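Here's the structure, in structure tokens; my notes come after.
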There are 2 protein chains.
Amino acid sequence: MAQTPDSPTKARKDAASGMKRAPILARRPLHEEVLAQLRDMIVEGDLAAGDRLNDAKLSEMLAVSRTPVREALKLLAQEGLVELLPRRGARVLALSEKAMGELLEVICGIERLAAELAADRMSQDQLDHMERLHARMQQRFAAGDRKQYFKLNHEIHLLLVQAACNDALIALHASLLTRVRRGRYAALLAHDRWAEAMTEHEELMAALRAHDAERAGIVMAGHVKHTREALHRALVS
Amino acid sequence: MAQTPDSPTKARKDAASGMKRAPILARRPLHEEVLAQLRDMIVEGDLAAGDRLNDAKLSEMLAVSRTPVREALKLLAQEGLVELLPRRGARVLALSEKAMGELLEVICGIERLAAELAADRMSQDQLDHMERLHARMQQRFAAGDRKQYFKLNHEIHLLLVQAACNDALIALHASLLTRVRRGRYAALLAHDRWAEAMTEHEELMAALRAHDAERAGIVMAGHVKHTREALHRALVS
DNA sequence: TCTGGTCATTTTGCATGCAAAATTCAAAAA
DNA sequence: TTTTTGAATTTTGCATGCAAAATGACCAGA
């Protein structure tokens with residue numbers, strides 16, 4: 001197990017002894033806290049795929065009782081980050097290449113929809129913001145600074161989804177991204193198609209500027225297709 | 001509250017006394033059972049939007065302890081069927097017209113993607129099956145039998161998503177449908193565009209037969225647009 | 001050595017206990 | 001009459017207890 005028990009003994013003592021926590025009102029519910037922590041640990045790779053998640057150990061680690069831990073595990077299972085084997089506990093779910101490809105396919109579809117809606121609904125402010133991000137991304141691209149390029153690329157995608165003015169879409173997109181961001185696949189994909197993607201972004205910006213939903217959709221639809229192909233190439237090689 | 005306590009007293013007694021349950025191995029986990037039950041009660045309208053969900057009462061009603069009930073409520077909250085107000089319990093979430101419209105928009109996007117993928121990947125068996133469903137639906141349409149028409153319509157949509165051969169897509173679609181199926185909106189929408197939708201289905205079938213992904217996508221994209229408009233009409237009137 | 005079986009230990013799933021927060025309701029004050 | 005206060009009650013969130021199931025250690029016999 002790739003866990004990091006930063007002093008289980010102390011943690012246990014904190015929980016077991018009557019040591020006062022901050023007033024409940026001032027805190028978020030514990031299960032939320034635990035959920036966020038576990039999610040981070042999985043996304044960051046502290047808990048590797050296949051690791052067994054023992055609720056007693058986790059509760060010791062996080063200095064809470066088993067109840068909120070178990071609640072968080074069930075939520076993580078619904079999010080698709082862990083699997084719950086009845087009577088056999090929870091494991092970090094290993095995303096197969098197949099599952100990863102499927103998720104990416106869905107995400108691309110979502111982003112295409114977002115692009116179409118955004119073309120209609122985007123505010124001038126948002127468009128300006130995106131222009132700025134895009135310009136900076138071009139600079140980083142020209143400079144060969146991959147890290148910043150990808151960061152800006154990600155910000156643009158988030159902004160695109162926000163600009164669609166659909167809260168359900170935003171939430172869904174975020175949730176799917178969490179699942180995909182784990183492991184090596186994201187990087188694997190991201191580092192392909194470095195130049196091609198730049199052109200596509202250019203076209204997307206043009207469509208958004210013109211508030212041309214159809215064109216934005218077509219551009220992103222191409223993105224769907226290219227991404228699928230890139231994924232396939234990456235996985236076969 | 002629109003609950004249906006089919007003898008709370010007896011239920012309580014069952015839970016409280018040492019009365020044996022079926023062996024655990026033979027059962028699904030209780031929280032799953034409870035989750036399914038509560039979900040049904042919400043979708044069926046037994047628990048109306050705005051109803052307060054008191055875990056003690058629910059646990060009495062379902063003859064289980066509060067723990068699995070609370071777990072189920074948290075899962076329902078993540079599914080978007082209830083909201084969890086910290087320290088103030090759970091309520092059945094009232095879907096605003098805005099939220100409902102957003103959900104439908106996302107579902108339409110998902111189904112469009114499904115149509116495109118299905119055009120590529122659908123097996124001959126699935127296509128045949130869909131042809132049969134479609135033929136029956138035409139009959140019911142001609143006969144003016146709305147109820148069966150909608151049932152078949154729904155089956156076709158499910159099959160379409162399945163034919164996309166993407167498990168993530170299938171799961172996502174199912175989850176979104178659950179949220180939308182509640183309340184009066186589904187019917188409200190379904191009963192509009194009765195004839196127009198028939199034509200669109202015709203076109204979709206043609207595209208699928210030809211394995212023409214692009215055409216299938218375009219047809220469903222039109223569906224997105226028309227559905228949005230229909231929703232708008234329905235809500236304004 | 002390998003197989004199968006028994007028993008001790010650990011882990012899981014659920015029930016329940018308990019303190020803090022929220023709600024209610026009645027009586028007092030404005 | 002309306003508002004305020006505050007004590008009693010209910011509800012929530014978490015901790016913990018406990019029985020059933022799973023795991024693993026050990027040993028006997030093939």
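Predicted model, so just to flag it, every value in this text is computed and none were measured. Note on naming: letters A, B, ... go to the chains in the order of the sequence lines (proteins, then strands), and numbering restarts at 1 for each one.
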Nucleotide nearest B:Pro68 (side chain, heavy atoms from C-beta), chosen from C:dC14, D:dT11, C:dT11: C:dC14
Atom-pair distance ([atom1] on [X]; [atom2] on [N]), nearest Å:
X       : N      : atom1 : atom2 : value
B:Glu60 : C:dC14 : CD    : P     : 19 Å
B:Glu32 : C:dC14 : CD    : C1'   : 15 Å
B:Asp55 : C:dC18 : CG    : C1'   : 15 Å
B:Arg70 : C:dC18 : CZ    : P     : 17 Å
A:Leu62 : D:dG13 : CG    : C1'   : 17 Å
B:Arg66 : C:dA15 : CZ    : P     : 12 Å

Check this one for me: any side-chain N or O of [X] less than 4.0 Å away from OP1 or OP2 of [N]?
X       : N      : value
A:Ser65 : D:dA15 : yes
B:Arg87 : C:dA20 : no
A:His31 : D:dC14 : yes

side-chain hydrogen bond (donor to acceptor under 3.5 Å, both in side chains) partners of B:Asp40, counting only residues at least two apart: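 Listed in chain order: nothing, the list is empty.
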Contacts of A:Glu44 that satisfy side-chain hydrogen bond (donor to acceptor under 3.5 Å, both in side chains) - sequence neighbours left out: none
Distance-only donor-acceptor pairs under 3.5 Å for side chains of residues 161-170 of chain A, two or more places apart:
| from | atom 1 | to | atom 2 | distance (Å) |
| --- | --- | --- | --- | --- |
| A:Asn166 | OD1 | A:Ala168 | N | 3.0 |
| A:Asn166 | OD1 | A:Leu169 | N | 2.9 |
| A:Asn166 | ND2 | B:Glu102 | O | 3.2 |
| A:Asn166 | ND2 | B:Glu105 | OE1 | 2.8 |

Pair listing, salt bridge (charged side-chain N to carboxylate O under 4.0 Å, His left out) test, anchored in residues 150-165 of chain A, at least two apart: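 Found A:Lys151-A:Glu155.
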All N/O donor-acceptor pairs, side-chain side in residues 171-179 of chain A, below 3.5 Å, sequence neighbours left out:
| from | atom 1 | to | atom 2 | distance (Å) |
| --- | --- | --- | --- | --- |
| A:His173 | NE2 | A:Glu111 | OE2 | 2.8 |
| A:Thr178 | OG1 | A:Ala174 | O | 3.0 |
| A:Arg179 | NE | A:Glu79 | O | 3.2 |

N/O donor-acceptor pair under 3.5 Å between B:Arg66 side chain and B:Ala56 backbone: no
Residue-level proximity of residues 71-85 of chain B to DNA chain C when a heavy atom falls under 4.0 Å: none
Heavy-atom donor-acceptor pair, B:Arg88 side-chain to D:dG13 base, under 3.5 Å: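 Side chain to base: no pair present.
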